[in-house]
Each structure stands twice: as C-alpha cells, then as structure tokens.
Number of protein chains: 2
Amino acid sequence: MPLSERKKQILRAITHDYINSAEPVGSRTIARRYSLGVSPATIRNEMADLEEDGYLEQPYTSAGRIPSDKGYRFYVDALMDPHKLNEAEIRQVQSTLRGEHSQMGELVHESARLLAFLSQYTALVVAPNLSHGAIRRLQLIPLDEWNVLLVLVIDPGFVQSHIVETTRSLQVEEVARINDFFNRRLFGVMAADISSTLLGEMREEVRDEALMAEALVLLGRGLGSLNKEQVFLDGTIHLFNQPEFKDIDKVKVLLNILDNEKVVWDLLNDTLGNSGIRITIGSENPHEGFQHCSLVTASYELDGHVLGKVGVLGPTRMNYERVVTIVEYIAANLSELLTDAGR
Amino acid sequence: MPLSERKKQILRAITHDYINSAEPVGSRTIARRYSLGVSPATIRNEMADLEEDGYLEQPYTSAGRIPSDKGYRFYVDALMDPHKLNEAEIRQVQSTLRGEHSQMGELVHESARLLAFLSQYTALVVAPNLSHGAIRRLQLIPLDEWNVLLVLVIDPGFVQSHIVETTRSLQVEEVARINDFFNRRLFGVMAADISSTLLGEMREEVRDEALMAEALVLLGRGLGSLNKEQVFLDGTIHLFNQPEFKDIDKVKVLLNILDNEKVVWDLLNDTLGNSGIRITIGSENPHEGFQHCSLVTASYELDGHVLGKVGVLGPTRMNYERVVTIVEYIAANLSELLTDAGR
DNA sequence: GGTTAGCACTCACCCTAGCAGAGTGCTAAC
DNA sequence: GTTAGCACTCTGCTAGGGTGAGTGCTAACC
C-alpha cells in the first residue's frame with residue numbers, strides 16, 4: 001500500500017533533519033520545524049506506522065526515529081529534490097578540470113580531489129581501463145645500448161611508457177623500421193585486441209626477420225602492464241568529521257578495507273557497463289564492513305563506452321541530494337573532456 | 001656533569017619499557033623486569049635525579065616516569081643499540097625494490113609502501129627533483145595534426161611526457177631534425193641548466209628557422225612542469241594504532257597537516273644536502289603540531305648528489321632502534337638501485 | 001655515604017547511584 | 001481522525017567512594 005502524502009512529508013522531514021543533525025528526530029522537533037499543520041501527537045501516530053512498515057527505526061525505546069535503509073531508499077527514489085550547485089562551485093569544477101594537465105592520468109586524479117572537496121566525503125575514482133582504448137601511437141626510443149623506451153599513446157591521450165631491455169643494441173634505421181611497422185599495423189587497434197592472435201599474425205609477417213620478432217617481444221612485455229587499473233582515493237580524512245565514525249575503531253576498519261585496491265575496484269565496478277547514477281545504501285552493499293555506508297557512483301564515458309567510474313562514499317546518513325548532483329556533474333564533465341581531447 | 005653508568009642503565013630501561021608499553025614506568029617495574037641489582041627505592045632516588053636533570057618527566061604526581069624529549073635525545077645519541085633486520089625482512093626489501101618497475105617513479109612509491117609496512121608507522125618520501133638530473137633523451141613524437149608528445153628521459157631512467165599543442169602540423173623529417181638537434185645539444189645537460197641562458201643560445205643558433213624556434217617553445221613548456229616535486233605518503237593508517245592518538249581529534253589535526261604537500265616537503269627538506277640519518281624529536285621539530293611526533297629521515301643519492309628523502313613519522317615514543325635501521329637500509333637500497341639503473 | 005624497608009600520601013581510573021531531559025505510547029476527550 | 005495529558009523508559013551527565021599503582025620522605029642498615 002502506497003504511503004499517504006502526509007507520511008511522505010513526515011518521512012522526508014525526518015530524513016532531512018537526521019541528515020543535518022545526526023540525532024534521532026522526535027515528533028516535537030518535526031512539528032516545530034516543519035509546518036505540517038498537525039500536532040506532535042498526530043505525527044507520533046504516523047511515525048509509529050512508518051516504523052511498522054520498516055521505513056523508520058528507533059535506536060532504543062523512547063528515543064526519536066531515524067530512517068532505516070528502506071527509508072533512505074524511498075527517500076532517494078521518490079522524495080528528494082535535486083540540489084543545485086552554485087556559481088562558485090561550477091566555476092571551480094570547470095577551472096580545475098579544464099586546467100593544464102600534462103597527462104590524462106592527472107585529470108582523473110584531480111577529479112577525485114575535486115569530488116572529495118565538494119562533497120566533503122570520501123571520493124573513489126577508477127582510472128580508465130586502457131586496454132579498451134584505441135592505440136594512437138606506439139614508438140620505441142633507443143636510450144642506450146641495452147635499453148629502449150616503449151611509449152604508448154592511447155586514445156584520447158593517455159601516455160604509458162616502459163623501459164625495456166634489449167638483447168642487443170639497435171640501429172637508428174632499425175628502430176625507424178620497427179616504429180613504422182608497429183604504427184602501420186596497430187594504429188586504431190584496441191589495446192586488448194593485440195593479444196596473442198594479432199601478435200601471432202604479425203609474427204607470421206616478419207617470420208624471417210629476427211629483429212622484428214624481438215621487437216614484438218618487447219611490445220608484448222610493454223602491453224602486459226596495461227591491464228592494471230588504478231584506483232584513486234581522496235578525502236578519507238572527511239570520514240573523521242562524521243559523528244557515526246567518532247569511534248576510532250570503526251574508521252580503522254573502514255580504512256583498512258579501503259586500503260585494498262581490489263575491494264574498492266569491485267565496489268565501483270559491480271555495476272560495470274551500467275551507466276548513469278547509482279546509489280547503494282547500507283545493507284544493499286554486498287561487502288560487509290560497508291553496512292553503515294552509502295555509495296553514490298557514476299560512469300564516465302567515451303563514445304558511449306564506459307571508461308571508468310567516479311564515486312562518493314559516506315555514512316548512510318549522507319547528503320544524497322547534494323552528492324548525487326556533484327557526482328553526476330563531475331562524471332559528465334569528465335566524459336566531455338575526454339571526448340574533446342580525442343578530437 | 002655526565003650521567004653515571006647506573007643512571008644510563010635506568011634511563012635506557014625506562015625508555016625501552018615505555019616504548020613497548022606506552023604506560024608510565026614505575027620503579028618497581030624496572031627493578032623487577034631489568035636486573036640492575038638494586039631495590040626499587042634506589043631506582044626511585046635515581047629517577048628523581050634524572051627528572052631533576054630533565055631526562056624524565058611525570059605525567060602527574062605519583063605516576064610512573066616517561067622520557068622527556070631530552071631523554072629521548074640522549075637515548076638516541078648514546079644509549080640505543082642498532083636493530084638487526086631479519087632474513088625475511090631483508091628478502092622482502094630486496095624483492096620488492098628490485099622487482100619490475102616500468103617507471104622509476106613507481107620505485108619511489110614502492111619504497112614508501114615498504115617503509116610504512118616495515119616500520120608500522122607513517123612513511124614520507126620525496127620523489128627525486130628531476131630538474132637536477134641529466135637529460136638522457138628528449139624526443140618529440142607527432143600524434144596528430146595539432147599535437148605532439150614530448151618525451152623526456154632523465155637519468156637514471158625517469159620518464160616524463162607531455163602532450164603539447166603545435167600551431168601547425170609537423171612533417172616527419174622536421175620532427176627528425178628537431179629531435180636530432182635537441183639531443184645533440186642537450187644530452188647530458190642538467191634539466192635545471194636548460195633555463196633561459198641555454199635556451200637563448202639555442203635560439204641564436206636557429207634564429208633563421210621558424211620551425212626550430214617553435215620547437216624550443218614546446219620544450220620550454222615541457223620543462224616547466226619538471227620542478228614539481230612529488231611527495232608520497234603511506235601508512236597514515238598506522239597512526240591509529242598508537243595509543244597517543246586514540247583521541248580522534250589529534251589524528252585529524254595531524255592528517256590535515258600531512259594533507260599539505262608543502263609542509264611534508266619542508267619537513268623532510270629542512271635538512272637538504274645533509275646526508276646520513278637524521279632524527280628529529282618532538283619539540284625539536286619546528287612545525288608545531290608535530291610536538292608529539294618524531295621523524296627519522298635519510299637521503300637517497302646518485303653520484304654523491306642528494307636526489308630525495310625518505311622518512312618515517314611516528315609518536316615521540318617510537319621504536320627508534322628499529323626505525324633507524326629500516327630507514328637507513330631502504331635509503332641505501334634506493335641509492336644503490338638508482339646508481340645501478342644509470343649504468 | 002650509599003642503600004633499603006616502611007609508610008603516608010596523591011592521583012587516575014572505575015563503578016555506582018541519582019538526576020534531568022527528551023521522547024514515546026496509551027487513554028480519553030474533542 | 002486529531003489532540004492534550006500523563007505515566008513510563010531510556011540515555012547522558014555528574015558526583016562520590018573505593019582501588020591500585022606509584023611516589024617522596026624518613027629512619028634504619030651495611
């Protein structure tokens with residue numbers, strides 16, 4: 001049975017109040033602060049109903065009410081109003097992200113900082129999986145007798161470089177020939193597709209040439225480290241400002257979990273391919289340890305392909321209205337910037 | 001007046017005990033745990049003397065004693081025994097640092113992780129100041145009509161790359177000519193020395209060639225971002241395990257300070273040029289906010305030049321014997337690896 | 001003169017009891 | 001269906017007393 005309009009108003013009021021104060025909310029407070037035109041006693045009756053239906057809970061007998069995970073879920077889905085970023089905040093995003101970034105990786109890092117700063121919660125960002133990007137340029141640069149630098153530029157401008165050892169010194173013309181061959185064959189190819197089959201084909205083509213075969217080995221070695229997905233964390237310090245984490249042990253547990261890149265990656269990517277904003281509330285989260293946390297994530301994309309994720313982690317009592325707006329805005333900006341960079 | 005041998009023994013015993021237990025140490029404990037051959041009463045008398053001389057202090061009347069900053073200083077300078085790393089630890093350092101690092105920067109980052117893990121305190125590392133490294137290779141790679149990638153390899157293998165916009169599309173031969181000119185003129189030159197004078201000279205040489213002049217502008221732009229020194233922090237989580245930081249506000253203050261890269265940099269570098277191990281205890285630290293912390297730092301070097309610093313930050317009640325050994329060992333390993341890489 | 005036992009004293013820490021305050025559920029009246 | 005009144009519950013705070021670790025001092029001892 002759907003909630004009456006008045007119940008919705010009360011649930012919204014309690015959620016708002018609790019998000020601001022972190023204190024259980026009583027019927028008097030609601031009656032005083034939100035003019036619903038009814039007395040505390042009436043609100044008390046409604047609250048009892050809402051609790052019975054699972055939207056609210058009581059930390060202990062005769063305390064005020066706080067929203068349950070189900071309550072937050074309903075609030076997020078049906079009750080909250082979108083928050084507007086103000087002029088200064090928009091300007092800050094624009095200038096920070098559009099500033100000079102000598103490397104694309106820096107842009108992603110910067111996004112995490114911005115996200116943490118604006119939301120005042122902890123920001124999580126997964127850097128693009130480069131193995132799904134198209135190769136734009138691939139070049140060997142001889143350094144000295146035994147070392148060459150393999151530089152890989154992947155759309156829309158991510159640069160990876162690896163120093164690799166060679167078994168013999170390469171001549172300038174040889175390097176030129178290799179570079180030429182590589183770029184002719186690999187321009188525009190998705191890095192992940194280079195795997196065994198394509199390398200095999202190329203090996204066929206150059207069968208008779210020891211030089212090229214060796215170059216292919218170098219390439220393979222360089223591509224190997226491409227799959228590593230980087231996770232950026234920022235603003236863990238904001239956890240301490242939340243009263244629910246005033247107990248130092250809780251923060252310790254959380255930080256220990258977040259130290260594990262794999263976990264953070266899973267956290268953000270169990271929704272891979274799923275674009276748009278996504279909110280995970282408390283117990284909805286599969287990873288225990290985040291039972292009292294909520295996560296708001298969004299993807300950033302290039303040409304319709306999900307490149308990576310940005311997210312904000314905070315207590316379930318998080319300011320969803322604001323966080324959703326911020327995450328959405330930054331993800332959109334990132335997508336836009338990456339697309340522009342590829343032009 | 002110098003301390004008697006017995007006073008030294010007692011000071012050492014108290015320091016050891018306090019480092020282990022974090023509890024003020026009483027005369028009975030000392031008599032029981034360390035066989036000095038005297039009764040608690042005698043020890044009490046000696047402790048009273050040590051307090052009068054400023055080596056010990058009492059948190060409150062009729063509690064045990066704890067070392068003062070002066071006490072720690074004396075301990076560090078004259079009393080402590082060097083700690084030996086065990087087999088497993090040595091193997092771990094070797095394998096972690098000597099493992100595959102596609103980029104030198106990763107090596108530095110890895111050192112911070114290792115330092116934090118082994119010491120169980122917070123690790124601080126300043127990455128090498130590249131502007132003092134010799135240029136080994138410098139190369140433009142055309143990406144598309146408007147962008148080229150400037151790749152800079154600096155001894156002993158640090159790679160920096162920047163995408164720069166050009167005002168016009170460059171021909172293949174032009175790029176080759178530029179690369180050739182650059183490497184001929186700049187090989188082995190210290191990045192910092194490229195500044196205005198050398199660029200000016202080069203500009204003279206190519207005065208009549210618009211192409212080269214433009215290339216020089218690109219180079220200047222790329223070099224600009226070289227001065228930025230990166231600071232790595234790791235193991236901040238270990239702060240929480242220290243009883244002196246069980247008060248969440250203290251940790252918050254500390255983390256807020258550490259968030260500021262400039263401060264961390266200053267912290268490590270007020271000893272720049274000064275090689276060897278350095279220990280800063282509590283109030284010896286110029287930055288207030290670190291009044292209850294100690295810092296153990298060492299430089300890592302290349303060819304006798306200080307490249308950067310590694311350090312460990314913990315409470316004044318830190319295990320100096322162990323930390324000093326670890327910091328020394330890792331700094332030495334880093335120096336060695338960097339030197340080897342340059343061969 | 002240095003060392004030791006004995007003793008009174010101090011102070012943090014822990015536990016308990018009591019009190020105030022916020023908020024509830026229930027009942028009865030509107 | 002709504003509201004006022006009231007008894008009840010539970011937390012958080014404060015004050016008081018007991019405990020224990022450790023000291024400084026004094027006097028006796030070698």
Side-chain angles (χ1 to χ4, degrees), chain A residues 1 3-11 13-18 20-68 71 243-244 246-247, chain B residues 1 3-11 13-18 20-68 71 243-244 246-247:
Chain A
M1 160 183 118
L3 294 182
S4 71
E5 196 51 44
R6 193 168 65 188
K7 281 201 174 59
K8 287 184 190 172
Q9 281 185 348
I10 290 174
L11 180 54
I14 290 176
T15 310
H16 266 155
D17 216 77
Y18 184 61
N20 285 327
S21 69
E23 299 283 331
V25 188
S27 53
R28 271 183 70 99
T29 314
I30 298 296
R32 209 173 341 110
R33 226 170 281 177
Y34 304 78
S35 31
L36 301 182
V38 288
S39 76
T42 308
I43 294 176
R44 269 206 297 281
N45 289 329
E46 298 283 52
M47 281 161 87
D49 291 353
L50 283 168
E51 183 173 2
E52 190 149 351
D53 292 346
Y55 293 101
L56 295 179
E57 40 195 47
Q58 249 179 326
Y60 52 86
T61 329
S62 80
R65 302 300 206 298
I66 64 176
S68 65
E244 30 272 274
K246 75 173 189 298
D247 177 9
Chain B
M1 167 181 111
L3 294 182
S4 70
E5 195 51 43
R6 193 168 68 189
K7 281 203 172 63
K8 287 184 190 172
Q9 281 185 351
I10 291 175
L11 180 53
I14 290 176
T15 309
H16 268 155
D17 217 77
Y18 184 60
N20 285 326
S21 70
E23 299 283 328
V25 187
S27 53
R28 273 183 69 100
T29 315
I30 298 295
R32 209 174 339 111
R33 226 169 280 176
Y34 305 78
S35 32
L36 302 182
V38 288
S39 76
T42 308
I43 295 176
R44 267 207 297 283
N45 289 330
E46 298 284 52
M47 282 162 86
D49 290 353
L50 283 167
E51 183 173 2
E52 190 149 349
D53 291 346
Y55 294 101
L56 295 178
E57 41 194 46
Q58 251 179 324
Y60 52 88
T61 326
S62 80
R65 301 300 207 296
I66 63 176
S68 65
E244 31 270 275
K246 73 173 192 299
D247 176 7

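Proteins come first, then strands; the chains are lettered A, B, ... in the order of their sequence lines, and each starts at number 1.
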Whole angstrom value for the distance that separates P of D:dT23 from CD of B:E52
16 Å
Side-chain contact test, heavy atoms from C-beta onward, threshold under 4.5 Å: evaluate it for A:V38 versus A:E46 and give yes or no.
no
Choose from D:dG24, D:dT3, C:dT24 the nucleotide whose nearest atom is closest to any side-chain atom of A:T42.
D:dT3
How many whole angstroms separate atom CD1 of B:I14 from atom C1' of D:dT23?
13 Å
In whole angstroms, the gap separating P of D:dG22 from CG of B:D17 amounts to 10 Å
Taking distance alone, no hydrogens or angles, what donor-acceptor pairs closer than 3.5 Å link side-chain atoms of residues 28-35 of chain B to residues at least two apart or in another chain?
unit_1, atom_1, unit_2, atom_2, d
B:R33, NH1, B:D17, OD1, 3.1
B:R33, NH1, B:D17, OD2, 3.2
B:Y34, OH, B:D17, OD1, 3.0

Closest-nucleotide ordering on DNA chain D, the 5'-leading residue of A:T61 and A:A41
A:A41
Just N and O in the side chain of A:S27: are any of them under 4.0 Å from OP1 or OP2 of C:dT24?
yes
Which nucleotide in D:dG24, C:dG25, C:dT4 has an atom nearest any side-chain atom of B:S39:
C:dT4
Taking pairing as Watson-Crick or G-U wobble with both contacts under 3.5 Å, can you name the mate of C:dA8, or confirm there isn't one?
D:dT23
Rounded interatomic separation in angstrom, taking CG from A:N45 and P from C:dT24
11 Å
Between C1' on D:dT9 and OH on A:Y60, what's the gap in Å once rounded to a whole number?
10 Å
Base of D:dT9 paired with side chain of A:S62 (donor-acceptor, under 3.5 Å)
yes
Watson-Crick or G-U wobble mate for C:dC30, both contacts under 3.5 Å
D:dG1
Rounded to whole angstrom units, what separation is found between the CZ atom of A:R44 and the P atom of C:dG23?
11 Å
Interatomic distance where CG belongs to A:D49 and P belongs to D:dT2 [whole Å]
11 Å
Is there side-chain contact between B:R6 and B:I10, with heavy atoms separated by less than 4.5 Å?
yes
Which one, C:dG25, C:dT4, D:dG24, comes nearest to the side chain of A:R65?
C:dG25
Donor-acceptor under 3.5 Å (A:S27 side chain, A:I43 main chain):
no
Without placing hydrogens or testing angles, list every side-chain donor-acceptor pair under 3.5 Å for residues 56-65 of chain A, not counting sequence neighbours.
unit_1, atom_1, unit_2, atom_2, d
A:Q58, NE2, A:A63, O, 3.1
A:R65, NE, A:E51, OE1, 2.7
A:R65, NH2, A:E51, OE1, 2.9

Which residue, B:R6 or A:T29, contacts DNA chain C at a nucleotide closer to its 5' end, judged by nearest heavy atom?
B:R6
Rounded to the nearest angstrom, tell me the gap between atom CD1 in A:I66 and atom P in C:dG23.
14 Å
